[in-house]
2 protein chains.
Amino acid sequence: MRRSIATVCISGTLEEKLESIARARFDAVEIFENDLIYSRLSPREIRQRCADLGLGIDLYQPFRDMDGVDEARFKRNLDRAERKFDLMVELGAPMLLVCSNVQPGMICDDALLAAQMHAMAEKAAERGLRIAYEALAWGHHVNRYEHAWEIVRKADHPHLGLCLDSFHILSRGDDPAGIEQIPAEKLFFLQLADAPRMVMDVLQWSRHYRCFPGQGTFDLVGFMEHVLKAGYAGPLSLEVFNDIFRAAPNRRTTLDAFESLLFLEEQIRRRLESRIPTDPAARPLTERIELFNPPAPPEVRGVSFIEFAVDDASGKALGKALQALGFDHTGTHRTKSVQLFQQGDVRLMVNNEPGSFASDYFQRRGPSICALGLATDDGQRAVNRGVAFHVPSYAGRIGPNEALIPALRAVDDSIIYFVSQALEDKGFLATDFVMKDAKPAASRAGIERVDHIAQGYPFEQFDTGVLFNRVVLGLKPQESMELADPNGLVRSCAMVNADQSLRIALNVSHSRSTVSGRSTEALQGGGVHHIALSSSDIFASAEYLAKSGVGLLDVPDNYYDDLPARFDIDEALLKRMRRLGVLYDRNDEGAFFHFYTQMFVDRFFFEIVQRSDAYAGFGASNAPVRMSAQAVRAAG
Amino acid sequence: MRRSIATVCISGTLEEKLESIARARFDAVEIFENDLIYSRLSPREIRQRCADLGLGIDLYQPFRDMDGVDEARFKRNLDRAERKFDLMVELGAPMLLVCSNVQPGMICDDALLAAQMHAMAEKAAERGLRIAYEALAWGHHVNRYEHAWEIVRKADHPHLGLCLDSFHILSRGDDPAGIEQIPAEKLFFLQLADAPRMVMDVLQWSRHYRCFPGQGTFDLVGFMEHVLKAGYAGPLSLEVFNDIFRAAPNRRTTLDAFESLLFLEEQIRRRLESRIPTDPAARPLTERIELFNPPAPPEVRGVSFIEFAVDDASGKALGKALQALGFDHTGTHRTKSVQLFQQGDVRLMVNNEPGSFASDYFQRRGPSICALGLATDDGQRAVNRGVAFHVPSYAGRIGPNEALIPALRAVDDSIIYFVSQALEDKGFLATDFVMKDAKPAASRAGIERVDHIAQGYPFEQFDTGVLFNRVVLGLKPQESMELADPNGLVRSCAMVNADQSLRIALNVSHSRSTVSGRSTEALQGGGVHHIALSSSDIFASAEYLAKSGVGLLDVPDNYYDDLPARFDIDEALLKRMRRLGVLYDRNDEGAFFHFYTQMFVDRFFFEIVQRSDAYAGFGASNAPVRMSAQAVRAAG
C-alpha cells in the first residue's frame, strides 16, 4: 500500500521534514498548513522539492469550521476555500481535508451541512480537486464517522468523500465495523494514529499523546481489517501529534514512523491470512493488497551471553567483582583480549580488545554493557527481519575459524547478537574461547540464569525502544508504571516474550538526577543499567555474596518494620530478609525475593532475584526503596 | 498561623527534605509514609532530627482503605493501624491521616463506616493519638467533605475529626461554604494545594499537577475564609504532588512553598480586613488569627531602564546596533564604564565595568540583560516587601553622590531595581551619568516605550517565576499558552499589572532545541530573551530600521498569502506589511502589528510593536512564524 505521513508528526522546518520523510522511504506526505505557511518555499517550490525527493503530496490539511454556518459566514468560508484551492493547484495537492465544525454556535442541521459540503465539493471539482470530510472526536455536531458518512451520502457529490482517522474513531470507543458498509469509492483518505489509553479530555489527548501504530494500545489491526474489507485502497497515512516527537530529532522519529507502518502491514497480513480458512473474503484481499512481508520474528529463548566493554583497569575490577558474585573465569578468547565468566547458564564476556567495537564503546561510555547475545531459533532470519525493517545490521571483525554470529545495532547503539540453536549445539563458545575446563561452570552463588535486563533511555526515546523491542525481538509491552525516585519520576515499561524467557525493562525519566537519569547520562544516551540474575535459593546467594565481600545495597530497617503491615509474613522469614537485605513482593500469582549490589562505576549494577509460583512482575513496589538507597549513596 | 508542609511535596531523601524545610522556616511537617520507610533513620531518630531542626511533626500520612470493609478485613486493618500507632508514638506524631476508601468492592454503609472509624479512634485514643478522616475526590463512597463530616459526626469520638484538603474539595467544584457549619473542634487538619484548571481524570490531576497556592487557579482565599470562619486554628499545611517539583532541586521548591503560604496569608488578611465594614464576624477573626502582614505590593508604572552586561567587543557591537535601532547615545556614567542610550521613554544601559555585578554576569552568560529598573511609587517598600518574603536584596557598589536604587535578586539571578517616583523626579540619571545634551532624546525610529519583556526559564522554574512575579511585582498571570516551535512546544504565560504598564511573558520548554530553550541554555539558566518596544508608527519604524541596516527577521511570503484567509484585510495594507515584514493579529479588542530583529549573539532580540484600540495580547498566533524563521536562521 502507499505509505504516507503528515508533516505535522515530526520536528523541524518543512524542508528538513521532507528530507527525513524521503530518507525513511515514505511514498507521500500530507502537507500540514502551518508547515507551508511558515516555509520560505513557495507552494510551487514545495511541489518541486517533493518531486525531487520522490514524494507525492496526497493531502493538504486541515480546513476548519466549514459546515453548519449561516449564509454570510458560508460565503466567507467559500472565499477562504477558493484561496486554498488556488494554493493546492500550485502545490499539486489533489485533496483537501475538511474537519467537522467544533464551534458551539454552529447550526446543527444535517440537510444544511450536506448542502454546504456539496457546494464546496462543486467548487473543488471545478479545479479537479477533491474534499475529504472528517468527523473530529470533539466535533460539535458531527463527531462520529457514521454521522460524517451520513452527511457525505446526503451531499452526494463525486468530489466529496470521507477521511477516516483511527484516533477519532477508537478514542471514542466507536465500533469500526460499520466502516465495511461504506462504499469504497467514498473512502477518500485514511489517517492512522495509535495512543496510550488515557482518561482525559479527548482534544488534549489527541493533540499531545498520539503515537505511531504499535506504540499505543489501540486495536489498529482490527480497525484496518474493516477498512480493507470496505475496499479502501488509498494511502495509509500517519497523523500523530505528540509533544515528545515534536521536540525529538526528526530523523529518528521518521524512521520509527516508517517501521511502525511496516509492522502494522505485517500484522494486518497475518490477520488476513489467518482468516482465510473461515472467511471467503479474506483470500482475495490478501491477493489484491500488497502488504509488507518480512521474515518471521525470532523465537527468542533467553539470554545467551552479555558482553561488557572495559579497559584494563575496569576489566580487572569487573573480573574481581564477577568472581565475588560466584562466577568462574572459564575461558580466554583465542585471538582477542576477551575473558569469559560463567555461572549456571549465565555467560559474561569482558572485552578490552584494542580497536574493537567494545573498545570504541568504552571510549564513549566508560565501563558498560556493549552487547547482548540472545538465544534464538535462527539468528540469520532474525537479522534479516531487522534489516527488512531498516535496522542496521552489524558485522564485527572475526578471526579465522571463529564463530560468525549475525547481529543488529540496537537503539542505544549497542549490539544484539542472535545466537542460533545450531550455533549453540556446535558449542560456539569453545570455538572462540580456550576453555579452562571441559565441565560446565559451578553455580557457586546459586545463580542460574538471566532473569531480566533493565535499560535506561533518554526520555524522548521511550517509544522508539518500545517499537524496536516489539518489532525486532517480538516482545510485548506490559503496562507502563511510574516509579518514585527521590529525585523525580521514572517511567518503566517491562517487555516480555511469550514464554517469559526474555524480559527487558525500559526506564526513562525527564529528570537527569534520578538513578536512571544519571546512568543514562553517564552512558551517553542510555544502555543497560542493571542485570537481574535468578537464584535457586536467594538466601544462600545472599549469604555467599555477603561472605565474598560483594558490596550490597543497604535496605533501611523501616522497610522491614513496615512489611508486616503490607503482607502476612512469617517472623523467621522476615528476620532472615532483614539480616540479608532481601526485599519482598507478593501478588495473586506468587512471591518475589530480590536484592541489589551497589553500583559499578555509577553505570550498572546487579540484582539477584527468586520467583516463587507464577510471579511475573519485577518487584516494582520495591523500586523506590532501591532508588532511595542509591540516591543516599550517591549523595554520601 | 502554624506553617507546615508534607514531605512528599519536594525531592530528595527524608534527611535532605527536612533540612530544606527547616531552612525555609516552616514550623512543622507532615511525614509521608514512604519517606519514612525509605529512610535509614529510625522513627526515633527522625523525631530527634526534627526536634534539632525546630520542626514539629504534625501528621503522619496516609492510611488507606480502612473504612467500609468486612469484619475479617477490618480486623486486619486494625492490626495494621496498631503497627502505625506504635510507629507514631516512636515518631512523636500526634495525628494519623485516614483517606476514604477507594476500592470499588467496599461496603457502602454509612453506619458501618462510622462504627469502624469509631473503633479505630478508640484504639488511637489509647495511645493519645488522633485520627483525621479525609474524603478523597475519587473515594468510592465518601468523596465529598460533607459526607466525610457525616461519618465523623455519626462516629462521634473525641479522637476522630476531619482533614480538609483544598484540592479534593475545589477540584470537584464543591462549595466550601458548608465548612462553616462544622464545629471547629472537629476540624483536625487542613491541607492546601492549588492547581491549574484541567479536564482530566481527577486522580491523575491530583497526583501530577498540584501546585502551591498562587501558582494555580483555585480560589484558595475564598476557601480559607470559610475555614477560618468555622474557627479552625490548626496548621496550614501544604500537600502538593507535582512531577516537576519531584524532580527539581528541593531548596528552591521549599522556598517557593513558603513564599506561597505567606502570600496566601497576606491575601486572606486583606480579604478579612475588607470584610470588616460589612461583616461583624470579620474583625474578631483578624484580631485572633496571626496572618502574615508584609509591606504592600509596589505600584509599578512601567520600565524605567534596562541594563545589559557586555564586554568591550560586544558592548561596541550592541551600541552600534542600538544606534541603528534609532537610539541616541545620551550619556556616560560618571565613575563606571556604563553607557546610556535613549529613545522616547526607553533607557538602555550598556555596562562593561570590570569587577561589577554586570561583569560577573557577563562572565557566566555572555552578552545579556542583567538588570531591569522598574518605575514604582516607593522603591524601598518594594524591596522591603521582597525581603519579607525572603527574596534576597541586592546592594551594588556605588560611587560618592551616586543614586542608591533599592534592588532585589530575581529568580534568574538578575537584578530588579525599583526606581521610586521621588528618585525619578530628582533626575537620578543625571546624578549618575554625564549627559551629552540637556534635552530629551529624539525618537528617531518612532520608538516610545517598553511594551513587554519576554523571559526564558528552565522548564522546572515556570511556577517559581509565576509566583515571584505575582508576589514581588504584583503581576497577574494570564492563561498559559502552548506555542509550536519547529523543535518543540513552548509554554508561555503573560503576566501583567492592573494598568498594563508592566507586561512580562514567561516562556519555558522541555526541549533544549527550541529558540527559547537554546537561549535559556546560552544564558545558563534563563533570562530576558526579547524586549518588545512600542512604536507610534510601526511602518515608519520598519522603514527606519531597514534603512539603517538593522537585520530584521524574514517573514515568509506564504504568511502574507494566507493572511486574507484569516482576516478581512485591506490590499494596500497587506502589501505594505509584506514589503516590510510586519506581522498582524486582530481580536475583538483591536489589532496588533509587530516585527522582529534578528538575534543578538544567539541570546536576545528586539521586537517592535504597535497596538491599536484595546488590543491586550502579544500576537501569540504569530509566535510560531517567528520561531520557525529563527530556526531556519539557526540551521542555516
Side-chain angles (χ1 to χ4, degrees), chain A residues 11-13 15-16 33-43 76 79-80 83-84 87 198-201 203-204 207-208 243-244 246-249 459 482 484-489 509-514 517 554 556-559 561-562 564-566 568 624-625 627-629 631-632 635, chain B residues 11-13 15-16 33-43 76 79-80 83-84 87 198-201 203-204 207-208 243-244 246-249 459 482 484-489 509-514 517 554 556-559 561-562 564-566 568 624-625 627-629 631-632 635:
Chain A
S11 69
T13 62
E15 288 156 85
E16 293 164 345
E33 178 161 272
N34 284 349
D35 281 324
L36 179 134
I37 291 173
Y38 306 155
S39 173
R40 297 182 180 205
L41 299 181
S42 70
R76 283 205 300 282
D79 283 351
R80 182 159 63 99
R83 290 185 170 274
K84 299 298 167 190
L87 185 155
M198 300 179 96
V199 182
M200 69 189 302
D201 176 55
L203 189 150
Q204 293 303 321
R207 292 258 170 97
H208 299 284
D243 289 357
I244 296 165
R246 272 174 188 278
F459 192 78
E482 272 169 345
D485 183 290
N487 295 305
L489 290 179
S509 77
H510 259 308
S511 166
R512 283 183 273 178
S513 20
T514 59
D554 284 341
D557 258 331
N558 297 341
Y559 171 82
D561 292 338
D562 180 61
R566 294 168 55 207
D568 275 328
V625 187
M627 294 188 290
S628 198
V632 170
Chain B
S11 69
T13 62
E15 288 155 86
E16 293 164 346
E33 177 160 276
N34 284 350
D35 281 324
L36 179 135
I37 291 174
Y38 306 156
S39 173
R40 296 183 180 204
L41 298 181
S42 70
R76 285 205 300 282
D79 283 352
R80 183 160 61 97
R83 289 183 171 275
K84 299 299 167 190
L87 185 156
M198 300 180 95
V199 182
M200 69 189 303
D201 175 55
L203 189 150
Q204 293 303 321
R207 292 259 170 96
H208 298 284
D243 289 358
I244 297 165
R246 273 175 187 280
F459 192 78
E482 271 170 347
D485 183 289
N487 295 305
L489 290 179
S509 78
H510 258 309
S511 166
R512 284 183 272 177
S513 21
T514 58
D554 284 342
D557 258 333
N558 297 340
Y559 171 81
D561 292 339
D562 179 60
R566 293 169 55 207
D568 276 328
V625 187
M627 294 188 290
S628 199
V632 169

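Chain naming here is simple, since letters A, B, ... match the order of the sequence lines and numbering starts at 1 in each.
Note: A:D557 CG to B:I37 CD1 = 12.5 Å, rounded to the nearest 0.5 Å. To the nearest 0.5 Å, atom CZ of residue A:R246 and atom OG1 of residue B:T514 are 12.5 Å apart.
Between chain B and the residues A:E15, A:R512, A:R80, A:M627, the largest count of heavy-atom pairs under 4.5 Å involves A:R512. For the set B:G12, B:A248, B:S11, B:P249, the count of heavy-atom pairs under 4.5 angstrom toward chain A peaks at B:G12. For the set B:H510, B:E33, B:Q204, the entry with the most heavy-atom pairs within less than 4.5 Å of chain A is B:H510. Among B:L41, B:D243, B:L489, B:L203, the residue with the largest count of heavy-atom pairs under 4.5 Å with chain A is B:L489.
With a threshold of 4.5 angstrom between heavy atoms, A:R83 approaches chain B through side-chain atoms but not through N, CA, C or O.
Of the charged side-chain nitrogens involved, none lies within less than 4.0 Å of a carboxylate oxygen, so that A:K84 and B:D561 do not count as a salt-bridged pair.
Of all the heavy atoms in A:L36 and B:N558, the pair that sits closest is O-ND2, 2.8 Å. Nearest heavy-atom pair across B:A247 and A:S513 is O-OG, 4.0 Å. A pairwise comparison of heavy atoms in A:S628 and B:Y38 identifies OG-CB, 3.4 Å as the closest pair. Scanning both residues, B:P486 and A:T13, for their nearest heavy atoms gives CB-N, 4.3 Å.
Checked against ring-ring contact (aromatic ring centres under 6.0 Å, His included), A:H208 has no partners two or more places apart in sequence or in another chain.
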